[in-house]
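Note that the coordinates shown come from a computational prediction; the quantities given were computed from them, not determined experimentally. Letters A, B, ... mirror the listed sequences (proteins, then strands); counts begin at 1. Only this structure's heavy atoms are used, side chains among them; waters, hydrogens and symmetry mates stay out.
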Amino acid sequence: MNVKKEKKMAYDSFNVLKATCVPLPLENVDTDQIIPARFLKATKREGFGDNLFRDWRYNGDDSPKVDFVLNNTTYTDNGTPRKILVAGRNFGSGSSREHAAWAIYDYGFRCVISSFFADIFKGNSLNIGILPVTVSPEFLDKIFTAIEANPNAEVEVDLPNQKVTLVATGESEGFDINGYKKHNMLNGFDDIDYLQSMKSEIAEFSQKQTS
Amino acid sequence: MSKKTLFDKVWDAHVVKHIEDGPDVLFIDRHFIHEVTSPVAFLGLESRGIGVLFPERTFATADHNTPTINQHLPVEDPLSANQLKALETNSSKYGISHWGLNNPKNGIVHVVGPENGITLPGMTIVCGDSHTSTHGAFGAIAFGIGTSEVEMVLASQCIMQPKPKKMRINVNGKLGKGVTPKDVTLYIIAQISASGATGYFAEYAGDVFENMSMEGRMTVCNMSIEMGARGGMIAPDETTFAFLEGREKSPKGDDWTKQVAYWKTLKTDDGAEFDMELTYNAADIEPQITYGTNPGLGTGISQSIPKAADVKDGEASYKKSLAYMGFSEGESMIGKAVDYVFLGSCTNGRIEDFRAFASIVKGRKKADNITAWLVPGSHIVESQIKEEGILDILTEAGFALRQPGCSACLAMNDDKIPAGKLAVSTSNRNFEGRQGPNSKTLLASPLVAAAAAVTGVVTDPRIFL
Ligand code: SF4
C-alpha cells in the first residue's frame, strides 16, 4: 500500500490481539445506549469510558446495576477491563456520535466482534483505532457459547492474516477489511495524514466545483 | 455510455481519487457543523497545526444543545454554554459563517440548510449528525459523519468513503386520508427493519414521492438512516426548483438557468441497475406508530403489536424492547394513555408539520393529561407559524410554542421526557432513554401527535379528518 506522507501515529497500532472477552448478546445496540446524549457536552475527548453504557450500567442514583455485564467481575481480568467486546447483530446503529467509539476505546476495548455493524459506527471505529470484526452469525454464536462455558475463553484477532480464532479449540474464521484501512490500523495512521498529502490535487479538483 | 443511477451521477462527479483496495476520496461541496460534534475536530486541527481549507464551504449553526425557552438569556448549563461558545470561537477563528442562538437564521441544521438555499441538487453534503440524509430530498448525496471525519472535511474538504451499494424503493399509487410522508417512511422501515438497508444508499422513486412536497421528501430522506441506509435521495424536479428559487443562497440569474439545466440531468437512466429494489403500494399504508425501542418496530395504528415470531429482530432483543415499553405482544395501540406530545425535530419540525398539527387541534382543546412541547425547526418556521395564524389556533387550543432547536429529539437540553412517561413524538428515534432517561417514545406523524394531544390517548387521526 502506497501512502505518501506518513506523519504520525494517531492512535495505538493494531496487530495481533489475543484477549479475553466481554459478551453482550443483544441485537440493535444503538449509540444512544453506548453513550447517552446528555454525556456529549464535553469539548475535549476525555473520560467517555466512565459513561460507556451509562443507563444499562448504573441506576439513576449512580449505583451500579448488578446484572449488567460490565459490572460483573467475572468478565474482567482481576479487575482490569477486557479488550474485546463481543456483541449481537447491528451493533452501533443510530446516531453518528463518534463519542460512542471514544467511550468504547476509553474504557479499554480495542476490538468489537459482531455479525453485523451499522455503517457509521464501523467507520468511526476504524478512524479511531478500534477494529470492528464482522464474523458469520454461526461463528458469533460459537464465540458466545465458548464464553458462556468459560468466561475466560480467549479469542485471537489476527489483523495481518485477517483471521479470528477461538484459542481453546483452534476454530477460526476469516474477516474482511480493505487494504487501505488495514495498513492504517497496522500502523496507527489516520486519513487526515493521507489527505494532507494530496492537497494540491484537491485544490485543483475544487476549481471545477460550484461553491 | 453505461447507464447510471442518480446516485452514481452525483458520486462519480465528486471522486477526486479512487484508492486501489480502499475508499474513494470524495470532494464535499457543503459541510454543516453544530456545537456537539465539532469541538474535538477543531482541537484535532490545532494539535496537527493545520487550518480549514475552504471555510466558505462550511456552515455552523447551534441547535443540539440549546434551550427552547428564554433564548435571549445566557445559557444556564455551563457545559452547554461552553459548547456554544466553542462553536462561535472556532467559527470566527477560521472564518466560518455562524448562526448562533438569536441569529434570525438559527435553527436545526437540517432545516436551515435547505431553507436558505445552501443545500442544492447534485451536491455532496456532510455533517456530524446522522440525519444529514435529509438533504437527499434535493437530489444531493448527503450523509452523517463522525468527528474524525468532520476534522477531515475541515482540513481537506474531502472524505474517504467506499462507494456504498445502491437500492431503489418505489412507492406507487395514492396515499389514503391522513397518511403522511412520515407514515410512508415508518411503513418502509417496519417492512425492512432498522438494519435492512445497512450498506446501501437509497433512491426513492414512484408517484408517491413525485407528488410529495419538499417538506415531505425531507421527512422521508431524513429517516433513511433509521433503516440503516447511509442516506436516501430523490431526483430533483419542478417541485425542487420551485422550492429553491429565490432562496438566499440559491443561484441567481443566468447562473440559476444554467444550474437548473444541469439539475434536470440528475435522474436515474432507464435500465440502470440497483443492488436491491423494493416496491410498495401506497394503498397498503395507514397512519403508523412505533411500539418498540427501534424505529423498525412499528405498525399501522389500527393494528396490534406483533408476536415475537413475526418480527425480524431476535427474540431476546424484541422481548427486552417490549419490557422496556411496558407493552405486551398482541396488544392494541389505540387507547394507550399518553403523557407527552413532542412536535418538532429535523424530521417533522417544518411549516407543513405545524399546519398538519393545527388542522386537528383547531377548535379542540389540549387534553388535561398531556404536556405538549411544540418546537419549530428554525426561526423562519417560527415566523411562518405566526404569520399564517397557526399560533393563534394553537394558543386557542391550549398549546404554547417553544423556540427552535433539537429539543426533546435527543434531550440534551432541559427538554427531557421524565422517567416512565410515554411520549408520542414526531422525531426519529425511539431508542431506550433517547428522549430522557427511562422515558418511552412512540414515533408518529404530526397528525397522530395532534390526535393524541387532544384526546390524551393513542388515537387514529382519521376520525378527525
Ligand atoms: S433534531 Fe434530532 S435528529 Fe435532527 S439534527 Fe437535531 S438531534 Fe439530530
Correct closest heavy-atom pair for B:Gly146 and A:Asn124 would be CA-OD1, 3.2 Å
Pairs of heavy atoms under 4.5 Å with chain A: top-ranked of B:Asn82, B:Val40, B:Asn428: B:Val40
Just so I understand: if I count every heavy-atom pair under 4.5 Å between each of B:Glu149, B:His64, B:Glu35 and chain A, which residue has the most? B:Glu149
Given 3.5 Å as the limit, does a donor-acceptor pair link the side chain of A:Lys199 with the main chain of B:Ala155, or not? no
Check whether B:Glu151 gets within reach of chain A through its side chain, its backbone, both or neither, counting any heavy atom under 4.5 Å. both
Quick check on B:Asn294 against chain A: is it the side chain, the backbone, both or neither that has a heavy atom closer than 4.5 Å? side chain
So which heavy atom on A:Tyr180 is nearest to which on B:Gly22, and how close? CB-CA, 3.8 Å
With a sphere of 6.0 Å drawn around CD of B:Glu46, does it hold more than 12 non-hydrogen atoms of other residues, nucleotides or ligands? yes
At a 4.5 Å cut-off on heavy atoms, which part of B:His14 comes close to chain A: side chain, backbone, both, or neither? both
Closest heavy-atom pair, A:Ser96 versus B:Ser130, reported as atoms and distance to 0.1 Å, is OG-N, 3.2 Å
Which region of B:Lys320, side chain (C-beta onward) or backbone (N, CA, C, O), has a non-hydrogen atom less than 4.5 Å from a non-hydrogen atom of chain A, or is it both or neither? side chain
Considering heavy atoms only, which positions within residues 83-95 of chain A lie below 4.5 Å of chain B? A:Arg89, A:Asn90, A:Gly94, A:Ser95
Under 4.5 Å from any heavy atom of chain A, what part of B:Ala13 do you find: side chain, backbone, both or neither? backbone
Donor-acceptor pair, side chain of A:Glu27 and main chain of B:Ser317, under 3.5 angstrom: no
B:Asp77 side chain near A:Lys41 side chain, heavy-atom distance below 4.5 Å: yes
Counting heavy atoms not belonging to B:Glu315, are there more than 12 under 6.0 Å from its CD? no
Does A:Glu201 use its side chain to pair, donor to acceptor, with the backbone of B:Val16 at less than 3.5 Å? no
Would you compute the distance between atom CG of A:Leu40 and atom CG of B:Asn65 and round it to the nearest 0.5 angstrom? 8.5 Å
Quick one: closest heavy-atom pair of A:Trp102 and B:Thr147, and the distance? CZ2-CB, 3.7 Å
Is any side-chain heavy atom of A:Arg38 less than 4.5 Å from a side-chain heavy atom of B:Pro437? yes
Does NZ belonging to B:Lys252 count more than 12 external heavy atoms closer than 6.0 Å? yes
Looking at A:Asp176, I'd like to know if its CG atom is crowded, meaning that more than 12 non-hydrogen atoms belonging to other residues, nucleotides or ligands lie closer than 6.0 Å. no
Proximal component of B:Leu53, with respect to chain A [non-hydrogen, under 4.5 Å]: side chain
When rounded to the nearest 0.5 angstrom, what is the spacing between CG in A:Asp191 and CD1 in B:Ile19? 7.5 Å
Do B:Arg48 and A:Asp190 meet the salt-bridge criterion of a basic N to acidic O distance under 4.0 Å? yes
Closest heavy-atom contact between B:Gln83 and A:Ala42? NE2-O, 3.1 Å
Set out, in order, the CA-CA distance, both residues' side-chain angles and the distance that settles salt bridge (charged side-chain N to carboxylate O under 4.0 Å, His left out) for B:Arg429 and A:Asp30, then state yes or no. CA-CA 10 Å; B:Arg429 286 185 172 139; A:Asp30 59 78; over 6 Å; no
Residues B:Thr198 and A:Phe116: closest non-hydrogen pair is CB-CZ, 3.4 Å
Assess whether atom CD of A:Glu204 is packed by more than 12 heavy atoms of other residues, nucleotides or ligands within 6.0 Å. no
Residue B:Lys163 excluded, over 12 heavy atoms near NZ under 6.0 Å: yes
Exam field: side chain A:Gln209 to backbone B:Asp29, donor-acceptor pair closer than 3.5 Å: no
For A:Asn152, does the CG atom have more than 12 heavy-atom neighbours from other residues, nucleotides or ligands under 6.0 Å away? yes
At a 4.5 Å cut-off on heavy atoms, which part of B:Ile225 comes close to chain A: side chain, backbone, both, or neither? side chain
Can you tell me how far CD1 of A:Ile202 sits from CD of B:Gln157, rounded to the nearest 0.5 angstrom? 9.0 Å
Before you tell me yes or no, could you show the steps for A:Asp55 and B:Glu432 under side-chain contact (heavy atoms from CB on, under 4.5 Å), namely the whole-Å CA-CA distance, both residues' side-chain angles and the distance that decides it to 0.1 Å? CA-CA 9 Å; A:Asp55 293 337; B:Glu432 285 185 30; over 6 Å; no
Sort by residue number and list every residue of residues 68-75 of chain A having at least one heavy atom under 4.5 Å from chain B. none
Rounded to the nearest 0.5 Å, what's the gap from CG on B:Leu26 to CZ on A:Phe205? Could you check? 8.0 Å
Interatomic distance, CE@B:Met152 vs CG@A:Leu195, rounded to 0.5 Å, equals 6.5 Å
To the closest 0.5 Å, what do you measure between CG (B:Asp129) and CZ (A:Arg97)? 9.5 Å
Are the side chain of B:Asp21 and the backbone of A:Asn178 linked by a donor-acceptor contact shorter than 3.5 Å? no
So which part of B:Val25 gets closer than 4.5 Å to some heavy atom of chain A, the side chain, the backbone, both or neither? side chain
Could you look at B:Phe54 and say if it's the side chain, the backbone, both or neither that has a heavy atom under 4.5 Å from chain A? side chain
Tell me if a side-chain donor or acceptor on A:Gln33 pairs with a main-chain N or O of B:Phe431 at a distance below 3.5 Å. no
Is B:Val15 close to chain A through its backbone or its side chain, or both, or neither, when contacts mean heavy atoms under 4.5 Å? backbone
